[in-house]
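When reading the values below, keep in mind they use all heavy atoms of this one structure, side chains included, and skip hydrogens, waters and symmetry mates. The structure displayed is predicted, hence computed values, not measured ones. In listed order, ligands and their atoms are each counted from 1.
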Amino acid sequence: MTTTSRQLLSSCKRIVVKVGTSTIMYPNGTINLQRLEKLAFVLSDLKNQGKEVILVSSGAVGVGISRLHLSERPRTIPEQQAVASVGQTELMNLYSKFFYGYGQIIGQVLMTRDIVEFPTSRLNAINTFEQLLVKGIIPIVNENDTVAVDELDHLTKFGDNDRLSAIVAEITDADLLIMLSDIDGFYDKNPNDEPDAVLFHEIHTITDDLYALAGGKGSSYGTGGMSTKLIAANHILKNTSQMVLANGEDPTIIFDIIDGKQIGTLFSAD
Ligand SMILES: Nc1ncnc2c1ncn2[C@@H]1O[C@H](COP(=O)(O)OP(=O)(O)O)[C@@H](O)[C@H]1O
Ligand SMILES: N[C@@H](CCC(=O)OP(=O)(O)O)C(=O)O
């Protein structure tokens, strides 16, 4: 019997998990505490199994909107940044509480694109991740929304956490990126609009034809939709790593993915 790429996932040692806003918020704009706690449980257990885990979590803006009791996402960039500042604090407070409950210590890493564009700051970031992992601390990463601004011609913004998670996987030399979203994987069309959409179980190369099948975001808090997930997958494949896109509705799905079960869409070179 030949060993498939799926079966090899169980040997992955360093794993980056990305959760989108849609995974950690209820559609009514409040925080899904049950899911956050389950995520902390799963990642803590993986750590106990001897894996190294890094969490890339969106949600600063969503949680900030909830904390400030706003009825909608503010329109101006400075307002969104202020909201993200509140939300990031709240988000880390919750993660800290849940991970602490499972015996883990977390460390916050806020990143901007220029960190990885410049060799010195890139190396500093790599060193920080390495030290956190060596010390058994779980890094929790987000974009530094209060300083990363779209409008400034300063190469600061990743633009979305899908791409950020692929860059984190690259600079930490991770074996696997698990991207959790509100959908079961990558389909040949948006299944929310077209019920006969067909799921891709495995993708080996990202082509223009695939990009053409990727639609926009599914929730009012998320950014990017499927196209940024494909850009992330392309980045991962170029760095000879692998990525699984799956539904984060039940975070214990991560155990099944690592067990090699056919879940979501696997992006791998073979
Ligand atoms: N081809 C496709 N396959 C799967 N989902 C798609 C596709 N095209 C568009 N989508 C949409 O992408 C959404 C996920 O992206 P997004 O809302 O940015 O999630 P997240 O907050 O997890 O990053 C899905 O809910 C779905 O509506
Ligand atoms: N830094 C932003 C991330 C926005 C983002 O990429 O969201 P998502 O598409 O839900 O992963 C935040 O924390 O709200």
Crowding at CZ, R67 (>12 non-hydrogen neighbours, <6.0 Å): no
Atoms in ligand 2 with a heavy atom of K18 nearer than 4.0 Å: 8 (P), 11 (O)
Check: L213 N/O within less than 3.5 Å of ligand 1 N/O: yes
Any N/O pair V61/ligand 2 closer than 3.5 Å: yes
Candidate with minimal heavy-atom separation from atom 19 (O) of ligand 1, of S181, G20, G62: S181
Contact check, G248 vs ligand 1, heavy-atom distance below 4.0 Å: no
Plane angle bin for F267 and F186 - parallel if under 30°, tilted between 30 and 60°, otherwise perpendicular: tilted
Close N or O approach (D145, ligand 2; < 3.5 Å): yes
Close side-chain approach of M92 and I106, heavy atoms under 4.5 Å: yes
Proximal atoms of ligand 2 relative to G20 (non-hydrogen, under 4.0 Å): 10 (O), 11 (O)
Ligand 2 versus N142: contacting region, heavy-atom distance under 4.0 Å: side chain
Ligand-residue contact atoms, ligand 1 with P191, heavy atoms, under 4.0 Å: 3 (N), 4 (C), 5 (N)
Contact check: S57 vs ligand 2, nitrogen or oxygen atoms, below 3.5 angstrom: no
Close N or O approach (T23, ligand 1; < 3.5 Å): no
Check against side chain to side chain contact (heavy atoms under 4.5 Å, CB included), V17 and V56: CA-CA 6 Å; V17 174; V56 177; over 6 Å; no
D250 and R35 ion-paired at < 4.0 Å: no
Donor-acceptor under 3.5 Å (E79 side chain, P74 main chain): no
D162 N/O under 3.5 Å from ligand 1 N/O: no
Proximity flag Q88 to ligand 2, non-hydrogen atoms under 4.0 Å: no
Sidechain N-carboxylate O distance under 4.0 Å for K229, D162: yes
N161 and ligand 2 - part of the residue with a heavy-atom distance under 4.0 Å: both
Donor-acceptor pair, side chain of K13 and main chain of D175, under 3.5 angstrom: no
Flag, side chain of H204 to backbone of S268, donor-acceptor distance under 3.5 Å: yes
Minimum side-chain heavy-atom gap I31-L36 below 4.5 Å: yes
ring-ring contact (aromatic ring centres under 6.0 Å, His included) involving Y211 - partner list, sequence neighbours excluded: none
Over 12 foreign heavy atoms within 6.0 Å of CG, L68: yes
N/O separation below 3.5 Å, G62 to ligand 2: no
Geometric N/O contact D160 with ligand 2, under 3.5 angstrom: no
Numbering as shown, the atoms of ligand 1 that approach S22 to under 4.0 Å (heavy-atom distance): 19 (O), 20 (P), 21 (O), 22 (O)
Element-labelled atoms of ligand 2 that are located less than 4.0 Å from some non-hydrogen atom of G59: 12 (C), 13 (O), 14 (O)
4.0 Å heavy-atom contact, A84 with ligand 2: no
Ligand 1 atoms in contact with D182 (distance to a heavy atom under 4.0 Å): 13 (C), 14 (C), 24 (C), 25 (O)
Those atoms of ligand 1 less than 4.0 Å from some heavy atom in T21: 21 (O)
Contacts of type side chain to side chain contact (heavy atoms under 4.5 Å, CB included), residue N239, not counting sequence neighbours: E170, H235
Sub-3.5 Å N/O-N/O distance, K229 and ligand 1: yes
Expected output: side-chain S121 to main-chain E117 donor-acceptor under 3.5 Å: no
Element-labelled atoms of ligand 1 that are located less than 4.0 Å from some non-hydrogen atom of K18: 23 (O)
